[in-house]
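All values below were derived from every heavy atom in this structure, side-chain atoms included, with hydrogens, water molecules and symmetry-related copies excluded.
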Amino acid sequence: MFRSKIFWGSVLGVVTSVLLFEGRIKLGYNPLWRRVTEVLTLPGTRFANAIFPSGVPDGGWGQVWSGLAIACNLLVYAFFWFGCIWIVSYFRERQHPYDRQSTLIS
């Protein structure tokens, strides 16, 4: 289970989302860090805007929209980390292609 790329991609996606969420709260007053967190949360905002294209609807839908943006960020970063782990494991296997199989001729 701990060797699964999907598991580690989802764990790193959750960690990235939590760090972004905390960063927006704690570093919101610094203009540089505020801009960095805005850029890093942009993918989730883009996906959420696909559902609500005219902005935040009236009423209690603002909380739904922000939750959707956080969930989209979680998915985007989970796929991002899965892709990074997959690429690294692919190149590691390419360096030593015969480590997993027997090279003896029987």
Side-chain angles (χ1 to χ4, degrees):
M1 178 174 149
F2 292 119
R3 295 189 67 164
S4 172
K5 294 175 191 83
I6 296 172
F7 173 74
W8 285 111
S10 62
V11 166
L12 288 172
V14 168
V15 168
T16 305
S17 295
V18 168
L19 287 175
L20 286 174
F21 187 72
E22 288 296 319
R24 289 192 82 156
I25 294 171
K26 305 265 193 252
L27 303 173
Y29 297 112
N30 188 338
L32 174 66
W33 287 109
R34 183 178 182 140
R35 182 69 181 145
V36 167
T37 57
E38 286 177 4
V39 167
L40 290 175
T41 57
L42 188 66
T45 307
R46 294 280 183 180
F47 285 124
N49 275 340
I51 295 173
F52 294 125
S54 62
V56 178
D58 293 335
W61 287 99
Q63 292 177 345
V64 173
W65 185 84
S66 63
L68 180 66
I70 290 170
C72 288
N73 269 331
L74 174 85
L75 288 174
V76 165
Y77 284 112
F79 283 124
F80 169 76
W81 285 116
F82 172 76
C84 289
I85 292 169
W86 183 80
I87 289 170
V88 167
S89 67
Y90 174 77
F91 284 122
R92 286 189 69 198
E93 288 175 5
R94 292 273 309 210
Q95 284 180 340
H96 308 287
Y98 299 113
D99 282 350
R100 293 185 178 231
Q101 48 186 298
S102 175
T103 57
L104 299 174
I105 298 175
S106 46

Enquirer: First locate atom OG of S10, then atom CH2 of W8, and finally report the distance between them rounded to the nearest 0.5 Å.
Expert: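 CH2 of W8 is found 9.5 Å from OG of S10.
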
Enquirer: Do L74 and L19 belong to the same hydrophobic cluster, where Ile, Leu, Val, Met, Phe, Trp and Tyr are linked whenever their side-chain heavy atoms lie under 4.5 Å apart, directly or via other members?
Expert: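 No, L74 and L19 fall in different hydrophobic clusters.
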
Enquirer: With rounding to the nearest 0.5 angstrom, report the OH to SG distance, Y77 to C72.
Expert: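 Going from OH on Y77 over to SG on C72, the span is 12.5 Å.
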
Enquirer: So, taking the atom named CD1 in I6 and the one named CD1 in I85, what distance separates them when rounded to the nearest 0.5 Å?
Expert: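 Reported to 0.5 Å precision, the distance equals 10.5 Å.
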
Enquirer: Can you name the closest pair of heavy atoms from T45 and T41 and give their distance?
Expert: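 That would be OG1-O, 3.0 Å.
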
Enquirer: Using the rule that Ile, Leu, Val, Met, Phe, Trp and Tyr join whenever any side-chain heavy atoms are under 4.5 Å apart, tell me whether I70 and V11 fall into a single cluster.
Expert: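 No, because I70 and V11 fall into different hydrophobic clusters, even though each may have its own neighbours under 4.5 Å.
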
Enquirer: Quick one: do W81 and F7 end up in the same hydrophobic cluster if we chain Ile, Leu, Val, Met, Phe, Trp and Tyr together by side-chain heavy atoms under 4.5 Å apart?
Expert: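 Per the 4.5 Å side-chain linkage, W81 and F7 are co-clustered.
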
Enquirer: Which atoms form the tightest heavy-atom contact between G44 and N73, and what is the distance?
Expert: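 Residues G44 and N73, closest heavy atoms: N-OD1, 2.9 Å.
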
Enquirer: Among the clusters formed by ILVMFWY side chains lying less than 4.5 Å apart, do L20 and V36 turn up in the same one?
Expert: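 Yes, same cluster.
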
Enquirer: OG1/T16 to CZ/F21 distance, rounded to the nearest 0.5 angstrom?
Expert: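 One gets 15.0 Å once the value is rounded to the nearest 0.5 Å.
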
Enquirer: Calculate, to the nearest 0.5 Å, the distance between atoms OG1 and CG belonging to T37 and L42 respectively.
Expert: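 Taking OG1 in T37 and CG in L42, the distance rounds to 11.5 Å.
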
Enquirer: Is there a path from L12 to V76 through hydrophobic residues (I, L, V, M, F, W, Y) whose side chains come within less than 4.5 Å of each other?
Expert: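 Unlinked, L12 and V76 end up in two clusters.
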
Enquirer: Should the ring pair Y90 and W86 be called parallel, tilted or perpendicular, given that the plane angle runs from 0 to 90° and is split at 30 and 60?
Expert: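 Parallel: the ring planes of Y90 and W86 meet at under 30°.
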
